[in-house]
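Working notes, beginning with the structure itself.
The figures here come from the full heavy-atom set of this structure, side chains too, leaving out hydrogens, waters and symmetry mates. Residue numbers start at 1 and run along the sequence shown.
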Amino acid sequence: MLNRTQLPDNIDALKALLSAKSAQIDAFEQERAAWQVEREALRQDKQGDQQEIARLTLLLDKLRRALFGQKSEKLAGQIDQLQLELEELHINQGERAQSIESAQAPASRPAPQRRPLPEHLPCDVHEHLPKESACPDCGGAWTRLGEDVSNVLEHVPASFRIVRHVRPRLACSCCERMAQAPAPSRPIARSFAGPGLLSHVMVSKYLDHQPLYRQCQIYERENVSLSESTVGDWVGGVHQLLRPLLEALRRHVFSADKLHTDDTPINVLAPGTGKTRQARLWVYARDDRPSGDTTAPAMWIRYSPDRRGIHPQTHLKDYIGILQADAFAGYDKIYESGRVLEAGCWAHARRKFYDIHVKSATPITTHVLDRIAALYKIESSIRGSPADVRRRVRQEHAKPLAIALHAWLREQLTTISRKSNTADAIAYAMNQWQALVRYLDDGRIEIDNNTAERALRGVALGRKNYLFLGSDAGGERAATMYSLLGTAKLNDINPQAYLRHVLSVIADHPVNRVDQLLPWNVAL
């Protein structure tokens with residue numbers, strides 16, 4: 001801006017100067033108005049994307065809930081497609097946010113609302129000082145008044161390193177006695193793979209679903225060449241090492257008074273055809289934390305080439321207790337033995353009515369879903385309470401609701417066509433009624449079988465994840481490893497850190513009591 005001494009004394013010159021400044025101000029105002037229009041358009045687009053993100057997120061949640069037990073092969077593909085659409089919207093949000101940032105003045109930008117960065121991460125501090133070591137105006141020394149701090153989350157790629165074990169050979173200068181420290185043990189004999197690398201390979205294969213050939217390609221980018229056969233030998237060696245531990249895990253799971261079970265389809269290569277066939281994974285989950293029990297949760301997964309009832313019957317041939325499951329007919333012979341008490345799943349019964357309701361809501365579906373929601377609300381209020389407390393509350397509040405619903409459903413059957421979908425949903429609930437209401441008389445039993453479904457999701461099980469399983473033997477190996485790593489996750493333990501600890505202990509010395517290495521007994 002011009003100061004007083006720079007202004008001209010001539011009136012015409014002053015008028016010309018004011019006219020030029022006025023034109024310049026008008027141009028600035030027009031440019032500012034254009035920026036505001038552009039910024040508002042970006043904000044509108046952002047709001048539209050946010051609404052679409054919310055819609056897709058809700059739809060994805062719904063599809064994920066329905067994924068397990070579905071017969072349609074299209075469902076997993078729909079989830080993948082929606083996930084890609086959601087990813088693109090998030091990328092669009094980032095692009096527009098950057099455009100808005102550049103269009104706003106720094107002082108007018110609102111502080112972004114972000115999740116705090118994890119406090120457990122290591123922190124590298126970089127201090128940035130002015131280029132001038134002293135005041136450029138007078139040469140005086142700088143005085144620190146305070147500081148501005150900003151955090152950036154950075155990623156350091158996984159790195160390989162060589163651990164060289166040196167064992168000097170020593171000799172006594174007086175008597176010529178020789179000494180040398182014993183060679184350190186390795187998890188796998190005559191292998192150069194350390195516990196950290198072995199645990200990384202196992203978790204990448206079984207939890208991150210990275211086939212060995214792909215892992216070798218990733219290592220190649222770090223200039224570390226490993227053959228698939230070598231890495232395959234490591235995986236086989238780890239399976240052999242962990243057999244006693246896996247057996248201890250199986251004993252822990254099947255010693256429970258109550259088990260949750262479910263199954264999910266997987267794709268396995270059909271030898272010689274170049275195609276895949278459908279096999280099955282069966283999960284048996286022990287988790288009594290909702291009833292106030294402090295016993296560690298655990299899961300055991302088994303593989304079968306098909307879904308015949310003989311498989312769960314074999315898995316549970318020695319089990320005595322409560323089995324919470326869906327209405328699969330393969331469990332009937334288990335219940336007939338008298339050793340196992342059947343407990344039903346309200347989530348499955350509800351799903352029959354919900355599928356009808358979302359297509360065409362009726363007074364029947366609305367009433368049933370409302371009554372089931374009331375039962376679940378009671379459960380949420382007593383989750384984590386002791387079994388006797390849960391039973392008492394259920395008897396007082398939930399049992400009357402269930403009795404009334406049963407009578408109401410019987411009445412509705414007389415008013416609708418027996419060939420309708422609603423009649424099928426009611427018939428399913430009525431046929432399973434004794435198993436569905438068994439939880440009302442036993443505080444150990446849950447209202448549904450979602451514990452088993454959560455256990456399956458805990459190891460990211462889904463059809464497309466299993467295209468790399470090449471044989472039934474591979475499926476059996478995968479199932480045992482899912483059991484161990486999934487149990488670690490159930491106990492809020494980092495699976496890779498846990499497996500590294502186990503392999504390190506096994507390499508250092510023999511384990512007298514293998515149950516000491518179960519996830520909940522390990523302090524990391």
Residue pair [X] / [Y], side-chain heavy-atom distance below 4.5 Å:
X    : Y    : value
P211 : K205 : no
H126 : H128 : yes
V203 : D208 : yes
Y319 : I334 : no
T264 : R280 : no
R390 : E379 : yes

Checklist entry - Is there a donor-acceptor pair under 3.5 Å between the side chain of Q432 and the backbone N or O of A349? => result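 Side chain of Q432 to backbone of A349, a donor-acceptor pair under 3.5 Å: no, none is there.
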Next on the checklist: Strictly distance-based, threshold 3.5 Å: is any side-chain N or O of D442 a donor or acceptor partner for the main-chain N or O of R444?
Outcome noted: yes
Item to check | Between Y219 and Q215: side-chain donor-acceptor atoms closer than 3.5 Å | outcome: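 Y219 vs Q215: donor-acceptor pair found between side chains.
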Checklist entry - Can you list the steps and then say if R383 with E446 is a salt bridge (Lys or Arg N to Asp or Glu O under 4.0 Å)? => result CA-CA 10 Å; R383 185 170 293 113; E446 299 304 315; 5.6 Å; no
For the residue pair [X] and [Y], what are the closest heavy atoms and their distance?
X    : Y    : answer
G443 : S291 : O-CB, 3.7 Å
T487 : P519 : CG2-CG, 4.0 Å
V231 : C216 : CG2-SG, 3.9 Å
A452 : T261 : CB-C, 3.8 Å
I301 : Y482 : CD1-CB, 3.7 Å
P495 : A488 : CA-CB, 4.2 Å

Checklist entry - Given the rule in the side chain to side chain contact (heavy atoms under 4.5 Å, CB included) test, do I445 and Q324 qualify, once you have shown the distances and angles that lead to the verdict? => result CA-CA 8 Å; I445 302 175; Q324 193 138 19; 3.4 Å; yes
Just grab all the salt bridge (Lys or Arg N to Asp or Glu O under 4.0 Å) pairs involving [range], residues at least two apart or on different chains.
range            : answer
residues 288-300 : K258-D288, D287-R289
residues 317-342 : none
residues 301-314 : D263-R307, D306-R308

Checklist entry - Tell me the ring-ring contact (aromatic ring centres under 6.0 Å, His included) pairs involving residues 371-392, sequence neighbours left out? => result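 Every pair satisfying ring-ring contact (aromatic ring centres under 6.0 Å, His included) with a residue in residues 371-392: there are none.
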Next on the checklist: With ring pair (Phe, Tyr, Trp, His ring centres under 6.0 Å) as the criterion, how do H260 and Y284 come out once you've worked through the C-alpha distance, each side chain's angles and the decisive distance to 0.1 Å?
Outcome noted: CA-CA 6 Å; H260 293 262; Y284 302 94; over 10 Å; no
Checklist entry - Between Y206 and H239, does the ring centre distance come in under 6.0 Å? => result yes
Interatomic spacing from [atom1] in [X] to [atom2] in [Y] - rounded to 0.5 Å:
X    : Y    : atom1 : atom2 : result
L436 : D448 : CG    : CG    : 10.5 Å
R351 : C345 : CZ    : SG    : 7.0 Å
S204 : L212 : OG    : CG    : 9.5 Å
W346 : I372 : CH2   : CD1   : 5.5 Å
N494 : R500 : CG    : CZ    : 11.0 Å
T480 : L485 : OG1   : CG    : 9.5 Å

I'd like to check the side chain to side chain contact (heavy atoms under 4.5 Å, CB included) partners of [X]; sequence neighbours left out, ordered by chain and number.
X    : result
L241 : P187, I188, L503, I506
A398 : L375, I378, R394, Y439, L440
C123 : V125

Checklist entry - Parallel under 30°, tilted from 30 to 60°, perpendicular over 60°: which one fits the rings of H311 and W282? => result tilted
Checklist entry - In terms of ring plane angle, is the pair F328 and Y331 parallel, tilted or perpendicular, where the classes change at 30° and 60°? => result perpendicular
Checklist entry - Taking only residues two or more places apart in sequence, or in another chain, which ones meet K352 in a salt bridge (charged side-chain N to carboxylate O under 4.0 Å, His left out)? => result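 K352 satisfies salt bridge (charged side-chain N to carboxylate O under 4.0 Å, His left out) with no other residue.
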Next on the checklist: E119: which residues meet the salt bridge (charged side-chain N to carboxylate O under 4.0 Å, His left out) condition with it, sequence neighbours left out?
Outcome noted: none
Checklist entry - With respect to L259, which candidate in I322, V283, L323 satisfies the side-chain contact (heavy atoms from CB on, under 4.5 Å) definition? => result L323
Considering only distance and modelled atom types, tabulate donor-acceptor pairs under 3.5 Å from the side chains of residues 249-257, sequence neighbours left out.
residue : atom : partner : partner atom : Å
R250    : NE   : E247    : OE1          : 3.3
R250    : NE   : E247    : OE2          : 3.2
R250    : NH2  : E247    : OE2          : 2.7
H252    : NE2  : A296    : O            : 3.1
S255    : OG   : R251    : O            : 3.3
S255    : OG   : H252    : O            : 2.8
S255    : OG   : R286    : NH1          : 2.9

Just list the side-chain donor-acceptor pairs under 3.5 Å for residues 189-202, sequence neighbours left out, or say none.
residue : atom : partner : partner atom : Å
S191    : OG   : A193    : N            : 3.2
S191    : OG   : W234    : NE1          : 3.2
S199    : OG   : P195    : O            : 3.1
S199    : OG   : G196    : O            : 2.9

Counting only pairs under 3.5 Å, give me each side-chain donor-acceptor contact of residues 160-167, with atom names and distances, residues two or more places apart or in other chains.
residue : atom : partner : partner atom : Å
R167    : NH1  : A181    : O            : 2.8

Item to check | K399 and D441: CA distance, side-chain angles, deciding distance, side chain to side chain contact (heavy atoms under 4.5 Å, CB included) verdict | outcome: CA-CA 9 Å; K399 191 170 184 177; D441 299 319; 4.1 Å; yes
Item to check | Greater than 12 external heavy atoms within 6.0 Å of Q180's CD | outcome: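 Yes.
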Checklist entry - Would you call E396 and R391 a salt bridge, using N to O less than 4.0 angstrom? => result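 So E396 does not pair with R391 through a salt bridge.
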